[in-house]
J.: 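This is the structure I have questions about; it appears just below.
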Amino acid sequence: MFDLRQLRYFVAVAEELSFTRAALRLHLSQPPLSQQIKSLEQDLGVRLLERSKRHVSLTEPGRVFLEQARQILAKADEARSQVVAAAAGHSGHLRLAYTVSALFIRPCHGSCCATGRSLPRSG
């Protein structure tokens with residue numbers, strides 16, 4: 001099974017259409033990058049890239065996988081952000097209850113409105 005690192009490597013190669021530029025972008029040398037892409041292709045059982053000495057292009061399965069890889073990476077980044085937010089206490093539900101008459105008391109009205117504006121919205 002492939003991992004997120006391999007997906008990031010593949011996306012870089014697919015976007016750059018060059019192992020050399022992708023390796024520079026990823027701050028690693030070209031041989032490990034090539035090995036990881038070959039490993040990914042073997043794992044999937046398809047050829048994702050057409051290679052020649054001077055040219056790299058995406059195969060049709062490569063084009064499909066590129067879109068899927070981008071979505072997976074975006075979802076992984078979103079999951080990380082939500083977990084970090086939850087750890088910092090920026091998620092969950094807060095329910096405030098008050099009586100209608102509390103809105104007519106100036107300090108309560110201001111506090112309720114200010115609290116609602118200062119809390120992040122959750123989906």
J.: Can you check whether Leu49's main-chain N or O pairs, donor with acceptor, with Glu41's side chain at less than 3.5 Å?
T.: yes
J.: What is the minimum heavy-atom distance between Gly62 and Phe10, and which atoms define it?
T.: O-CZ, 3.5 Å
J.: What's the shortest heavy-atom distance between Ser57 and Leu17, and which atoms?
T.: CA-CD2, 4.0 Å
J.: Sequence neighbours excluded, which residues qualify as side chain to side chain donor-acceptor pair (under 3.5 Å) partners of Gln82?
T.: Glu78
J.: For the CZ atom of Arg70 and the CZ atom of Phe65, what is their distance to the nearest 0.5 Å?
T.: 12.5 Å
J.: How close do Phe19 and Leu33 get, heavy atom to heavy atom, and via which atoms?
T.: O-CD2, 3.5 Å
J.: Mind checking the CG-OG spacing from Leu24 to Ser29? Nearest 0.5 Å is all I need.
T.: 10.5 Å
J.: Just so I know, are the side chains of Glu50 and Val56 near enough to count as touching, which here means a heavy-atom distance under 4.5 Å?
T.: no
J.: Could you state the interatomic distance from CZ (Arg5) to CG (Leu40), rounded to the nearest 0.5 Å?
T.: 11.0 Å
J.: CD of Gln35 to CD of Gln42: how many Å apart, nearest 0.5 Å?
T.: 10.5 Å
J.: Looking at residues at least two apart in the chain, or sitting in another chain, which of them share a salt bridge (Lys or Arg N to Asp or Glu O under 4.0 Å) with Arg25?
T.: Glu15, Glu16
J.: What is the distance from atom CD of Gln71 to atom CD of Glu67, rounded to the nearest 0.5 Å?
T.: 5.0 Å
J.: Are any non-hydrogen side-chain atoms of Leu48 and Ile37 less than 4.5 angstrom apart?
T.: no
J.: So which atom in Ala14 and which in Leu66 form the shortest heavy-atom distance, rounded to 0.1 Å?
T.: CB-CD1, 3.7 Å
J.: Any chance you could lay out the side chain to side chain contact (heavy atoms under 4.5 Å, CB included) test for Glu60 and Val64, step after step, and finish with the verdict?
T.: CA-CA 6 Å; Glu60 187 55 33; Val64 170; 4.1 Å; yes
J.: Report whether Leu4 and Val83 are members of the same hydrophobic cluster (ILVMFWY, side-chain heavy atoms less than 4.5 Å apart, transitive linking).
T.: no
J.: What distance separates Met1 CE from Gln6 CD, expressed to the nearest 0.5 Å?
T.: 10.5 Å
J.: Quick one: does Ser81's side chain have a donor or acceptor within less than 3.5 Å of a partner on Asp77's backbone?
T.: yes
